[in-house]
Amino acid sequence: MKSIALAALLATVAAGGVCAQTASFQCPPSGTQFTYRGDGLEKENTASGHDATVCLYDSLSNGKAESLRVHGGLVGSVDAQGESFAKGLDLKALWPLKVGNKITNAVTVVGRDGKSYTSTVTMTVAAYEKVTVPAGSFDAFRVEESKADSNGRDIHWWAPAVSASVKESFPDWRTPGKTITLDLVSLKPAAK
């Protein structure tokens with residue numbers, strides 16, 4: 001009985017320590033290379049700098065070269081639609097990341113069909129947890145992004161040790177009801 005009570009106490013103390021974690025915003029050093037894979041997708045992102053709170057990457061996504069802008073270290077954009085969506089979010093209010101931080105914004109974007117769409121988006125720092133991916137195990141903040149008009153949600157596991165997401169999960173825009181998960185499979189630090 002004592003061992004069960006001790007285990008419960010240790011679990012409570014450990015959980016309290018995890019909840020107290022915070023992380024300040026930063027982008028990875030230029031030249032750091034991240035390779036992600038999952039569900040038929042492969043992305044190689046090479047950090048190339050930052051523009052205020054936007055991390056910049058040269059990205060190769062399934063063989064297609066793109067300039068990737070990751071707003072607040074969390075929401076990526078490679079086109080005008082993605083850029084207007086990300087700019088509609090007050091991502092600065094999530095930083096420093098801390099479990100419980102939350103923002104809700106009405107975001108208006110022009111879709112590929114030329115029509116204007118407005119959605120209420122909520123982003124919540126839901127947990128600080130250990131996540132294991134092929135590149136290793138990382139302590140990461142789980143940031144959940146949901147839209148009021150959608151059942152799906154995007155999840156970002158942002159790891160302070162690498163200043164980037166090490167895992168992402170999001171609805172497949174090509175196949176309704178399907179979720180895509182991208183895992184960090186390799187990490188190459190910037191050359192010194």
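The shown structure was predicted, so the numbers you read here are calculated from the model rather than taken from an experiment. One-based numbering along the sequence shown.
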Q. Are M123 and V75 close enough that some pair of their side-chain heavy atoms sits under 4.5 Å apart?
A. yes
Q: Give the minimum heavy-atom separation between P28 and S163, together with the two atoms involved.
A: CD-O, 3.3 Å
Q. Can you name the closest pair of heavy atoms from A127 and V99 and give their distance?
A. C-CG2, 3.6 Å
**Q.** Hydrophobic cluster identity match, I180 and F34, side-chain contacts under 4.5 Å
**A.** yes
Q: Drop me the distance from L184's CG to T132's OG1, to the nearest 0.5 angstrom.
A: 12.0 Å
Q | Polar side-chain atom of S30 near backbone of G49 as donor-acceptor pair, under 3.5 Å | A | yes
Q. In Å, rounded to the nearest 0.5 Å, how long is the span from OG of S186 to CZ of R37?
A. 7.0 Å
**Q.** Side-chain heavy-atom pair S119, V107 within 4.5 angstrom cut-off
**A.** no
Q.
Counting only heavy atoms not in K188 (residues, nucleotides, ligands), do more than 12 fall under 6.0 Å from its NZ?
A. no
**Q.** Pairs touching residues 56-74 that satisfy side-chain hydrogen bond (donor to acceptor under 3.5 Å, both in side chains), sequence neighbours left out
**A.** N45-S59, R69-E83, H71-E83
Q) Counting distance only, does the side-chain N/O of Y128 pair as donor-acceptor with the main-chain N or O of L97 below 3.5 Å? A) no
Q: Treating Ile, Leu, Val, Met, Phe, Trp and Tyr as nodes and any side-chain heavy-atom pair under 4.5 angstrom as an edge, say whether V185 and V166 lie in one connected cluster.
A: no
Q) Roughly how far, to the nearest 0.5 Å, is CD1 of I155 from OG1 of T124? A) 11.0 Å
Q: Verify the neighbour count for atom NZ of K147: are there more than 12 heavy atoms of other residues, nucleotides or ligands below 6.0 Å?
A: yes
Q. Does L74 share a hydrophobic cluster with I103, counting links as ILVMFWY side-chain heavy atoms below 4.5 Å and allowing steps through other members?
A. yes
Q: Take V125 and K98 through the test side chain to side chain contact (heavy atoms under 4.5 Å, CB included) and record every step on the way to the result.
A: CA-CA 6 Å; V125 182; K98 179 181 172 189; 5.8 Å; no
Q: Using modelled atom types only, decide if a donor and an acceptor are shared between the side chain of D183 and the backbone of V133 within a distance under 3.5 Å.
A: no
Q: Hydrophobic side-chain clustering at under 4.5 Å (ILVMFWY, transitive links): who's grouped with L56? Put none if nobody.
A: V54
Q.
A side-chain contact here means heavy atoms from C-beta on lying under 4.5 Å apart; do L41 and Y36 qualify?
A. no
Q | Rounded distance [0.5 Å steps], CG in D39 versus CZ in F170 | A | 8.0 Å
(Q) A side-chain contact here means heavy atoms from C-beta on lying under 4.5 Å apart; do E129 and W157 qualify? (A) yes
Q.
Please find the pair of heavy atoms, one from G73 and one from C55, that lie closest to each other, and give the distance.
A. CA-SG, 4.3 Å
Q: Find out whether D139 and Q21 are in side-chain contact, i.e. whether some heavy atom of one side chain is under 4.5 Å from a heavy atom of the other.
A: no
Q: Scan for ring-ring contact (aromatic ring centres under 6.0 Å, His included) pairs involving residues 73-96, sequence neighbours excluded, and state none if there are none.
A: F25-W95, W95-W158
Q.
Less than 4.5 Å apart, side chain to side chain, heavy atoms only: is that true for E42 and T35?
A. yes
Q: Evaluate the side-chain proximity of T53 to L91: yes if any heavy-atom separation is below 4.5 Å, no if none is.
A: no
Q) Do H156 and D154 have side-chain heavy atoms sitting under 4.5 Å apart? A) yes
Q) At what distance, to the nearest 0.5 angstrom, does CZ of R153 lie from OG1 of T122? A) 12.5 Å
Q.
Could you report the tightest heavy-atom contact between A140 and P160, atom names first, then the distance?
A. CA-CD, 4.5 Å
Q) Is N101 reaching over with its side chain to a backbone N or O of L94, donor-acceptor style, under 3.5 angstrom? A) yes
**Q.** Value rounded to 0.5 Å, distance of CD in E168 from OG1 in T181
**A.** 10.0 Å
**Q.** Test side chain to side chain contact (heavy atoms under 4.5 Å, CB included) applied to S116 and T108, step by step
**A.** CA-CA 7 Å; S116 182; T108 302; 3.2 Å; yes
